[in-house]
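See below for the structure under consideration.
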Amino acid sequence: MASVRVSEAEKVYIMHGVLDDLRLDGRGCEDYRHMEIETDVVSNTDGSAKVRLGHTDILVGIKAELKRPKPTVPDEGYLEFFVDCSANATPEFEGRGGEELGVELSNTLYKVFGSRRSLDLRRLCICPGEHCWVLYVDVLLLQCDGNLFDAMSIAIKAALFNTRIPSVRVSEDEEGSKEIELSDDPYDCLRLGVENVPCIVTLCKIGHRHVVDATLQEKACSAASLLVALTPRGAVTCVRKLGPGSLDPDSIFEMMEESEWGRLFMLLSCYCCRRRSLLARRGRRLASWRSIGSAPYSAGCFCTF
Amino acid sequence: MAVDMRLPTVRKEISLAGAYSSTDGKHLVVPGDVITSDIGFMRGHGTYMDDEKLTASVAGEVERVNKLICVRPLKTRYNGEVGDVIVGRITEVQQKRWKVETNSRLDSVLLLSSVNLPGGELRRRCAEDELAMRDYLQEGDLISAEVQSVFSDGALSLHTRSLKYGKLGQGVLVQVSPSLVKRQKTHFHNLPCGASIILGNNGFIWLYPTPGQQDEEAGGYFTSLELVPLPDREVISRLRNCILALAAHKVLLYDTTVLYCYESSLLHQIKDILKPETMDEIVMLTRQRLLEQEG
């Protein structure tokens with residue numbers, strides 16, 4: 001990840017500040033930076049979104065293609081992730097410098113979206129065993145200012161919400177070969193239900209406390225962070241520890257409880273934002289978003305440390 | 001817990017009624033603009049000849065000195081001049097010098113002979129001093145220094161030969177564009193709101209808690225790692241956000257603007273200052289106050 005050099009005295013200042021719940025920019029330990037989300041930014045994709053969290057800029061484009069489904073699950077489509085760390089973000093990413101980080105981010109996304117509960121992949125199936133939709137999710141890192149995972153998950157959720165997959169009609173010939181016809185009407189499309197798509201919350205441990213949405217300077221002061229991916233219902237799809245330091249089991253449980261609240265607020269705001277953008281474009285009312293409620297903390301999770 | 005999400009909006013242009021006539025008399029150009037077709041002029045930095053017409057190659061202001069025309073860019077790396085105060089970060093420790101990053105095209109150089117020895121002795125530097133270099137300044141440390149000279153390739157040579165320069169202790173570094181920092185008599189200010197500021201000419205601004213009386217004689221060798229009290233921290237965080245708000249609106253930075261912006265921002269919470277609408281409001285109030293003060 002792009003890193004900044006911080007002197008020892010600055011580190012001490014940051015750590016003491018976190019203990020007092022006052023970070024460098026006046027935020028508390030549980031506050032996120034100002035976030036701007038925009039959907040439908042790239043015209044030649046089926047769905048796209050751009051998220052700006054502080055100075056972190058992420059662009060996601062989704063393209064749907066027809067492919068054969070995987071042999072183990074013939075009645076489902078699937079998602080393919082690719083993260084491109086462009087040299088725009090920092091000179092360290094020049095040439096092949098960003099490849100390692102890109103691969104790490106893609107692998108984390110596969111784990112996060114690997115759960116069956118996040119997206120209903122059966123809707124992506126056209127003919128079981130023969131044709132299905134594959135969604136190629138391409139993430140482009142334009143600017144890096146810390147907290148890449150959270151911004152990426154929000155951008156992917158918004159892009160999936162924006163994705164319009166054209167409706168297909170399968171017709172069978174006399175010889176038995178199937179022909180697929182795509183509908184010409186641009187409004188006749190399949191929209192994905194993103195209510196259960198997980199959001200990632202990253203908590204960085206600085207000193208004895210943990211902070212949400214760490215900037216690059218705060219990242220330089222922390223030895224370990226915990227990444228938790230949660231769905232609105234409270235299901236944890238992925239837990240990962242990042243960084244060279246170690247985490248106490250007690251602090252891990254504390255951080256996971258913290259992320260529950262983080263996820264609730266983020267998803268509430270996500271729904272508000274999407275509702276506003278839909279209203280702005282079509283003037284129709286969204287379904288009620290009050291169904292999130294307070295989900296119980298679920299102990300079952302896929303852990304990878 | 002606060003998460004603020006919104007759709008992006010087009011930023012409004014803030015213009016004050018009546019007096020902002022700063023663009024009168026300034027010849028602003030963008031790359032490709034023809035400056036003059038007259039062939040009698042010599043071309044300086046930021047220009048090139050295109051079919052016998054003098055064209056600008058950077059975006060900035062045209063400066064004319066007798067027969068020499070050059071374009072001074074608005075956004076550029078720091079170009080140092082002798083006597084400038086800068087804040088820099090040590091990137092390398094070499095044999096008899098340190099390499100300092102100052103947001104310029106080349107890393108600046110701080111020679112071992114240009115720093116003060118502990119205790120203020122004046123003597124020739126020996127081999128032990130060379131081995132002890134890392135004990136004084138390591139990679140990542142911040143220093144404040146003055147530009148002593150400029151090498152032929154454009155690299156700056158720094159010195160910390162005064163008690164006010166040296167290694168910096170606890171505080172916050174803010175990075176802005178070098179062209180936003182106004183050249184003034186002094187760049188070290190003890191603001192009345194309760195913090196101190198160093199406005200480096202290279203765009204690095206250092207905010208730190210005002211040192212007590214006894215610390216001032218220590219020189220650059222001792223950095224206090226004591227806990228900074230919460231009220232001081234709040235002042236420093238607020239100043240940091242105000243400086244970022246001013247930089248986003250391209251307001252020239254000097255002690256008066258920073259102070260006016262701080263006072264205008266007292267109505268808002270510290271973390272709200274960086275929201276676009278709050279930034280607009282605060283910068284507008286600051287500009288109004290500056291105009292009143294001038295006129």
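No hydrogens, no waters, no symmetry mates; every other heavy atom, side chains included, goes into these values. Protein chains get the first letters and strands the later ones, always in sequence-line order, with residue 1 at the start of each.
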Query raised in the report: Could you state the interatomic distance from OG (S7(A)) to CD (Q170(B)), rounded to the nearest 0.5 Å?
Result: 9.5 Å
**Report entry** Flag side-chain contact, heavy atom, 4.5 Å: E101(B) against R5(A)
**Finding:** no
**Report entry** Pairs of heavy atoms under 4.5 Å with chain B: top-ranked of L22(A), V6(A), D213(A)
**Finding:** L22(A)
Requested in this report: Taking the side chain as every heavy atom from C-beta outward, state whether L7(B) and E38(A) have any pair of such atoms under 4.5 Å apart.
Outcome: no
Query raised in the report: Looking at side-chain heavy atoms only, is the closest gap between I270(B) and R27(A) below 4.5 Å?
Result: no
Query raised in the report: Is R233(B) close to Y13(A) at the side-chain level, that is, under 4.5 Å between some pair of heavy atoms?
Result: yes
Report task. With a 4.5 angstrom heavy-atom cut-off, could you sort out which part of I90(B) is near chain A: side chain, backbone, both or neither? Result -> backbone
Requested in this report: Please determine if E10(A) and R89(B) form a salt bridge, counting it only when a charged side-chain N lies under 4.0 Å from a carboxylate O.
Outcome: yes
Query raised in the report: What pair of heavy atoms forms the shortest contact from L168(B) to A9(A), and how long is it?
Result: O-CB, 4.4 Å
**Report entry** Approximate separation, where rounding is to 0.5 Å, of H34(A) NE2 and D272(B) CG
**Finding:** 11.0 Å
Requested in this report: Flag the one option from K275(B), R240(B), E139(B) with the top tally of heavy-atom pairs under 4.5 Å to chain A.
Outcome: R240(B)
Query raised in the report: Which region of R52(A), side chain (C-beta onward) or backbone (N, CA, C, O), has a non-hydrogen atom less than 4.5 Å from a non-hydrogen atom of chain B, or is it both or neither?
Result: neither
**Report entry** chain A contact via E234(B) - which portion, at a heavy-atom distance below 4.5 Å
**Finding:** both
Query - Cationic N near anionic O, under 4.0 Å, D31(A) to K271(B) - result: yes
Query raised in the report: Has Q95(B) got more than 12 heavy atoms of other residues, nucleotides or ligands less than 6.0 Å from its CD?
Result: no
Requested in this report: Name the region of N241(B), side chain, backbone, both or neither, that has any atom closer than 4.5 Å to a heavy atom of chain A.
Outcome: side chain
Query raised in the report: Rounded to the nearest 0.5 Å, how far does CD1 of I37(A) lie from CZ of R6(B)?
Result: 11.5 Å
Report task. Measure from the side-chain N and O atoms of D20(A) to the backbone N and O of L230(B), and report whether any donor-acceptor pair falls under 3.5 Å. Result -> no
**Report entry** Sub-4.5 Å side-chain heavy-atom contact between S237(B) and D25(A)
**Finding:** no
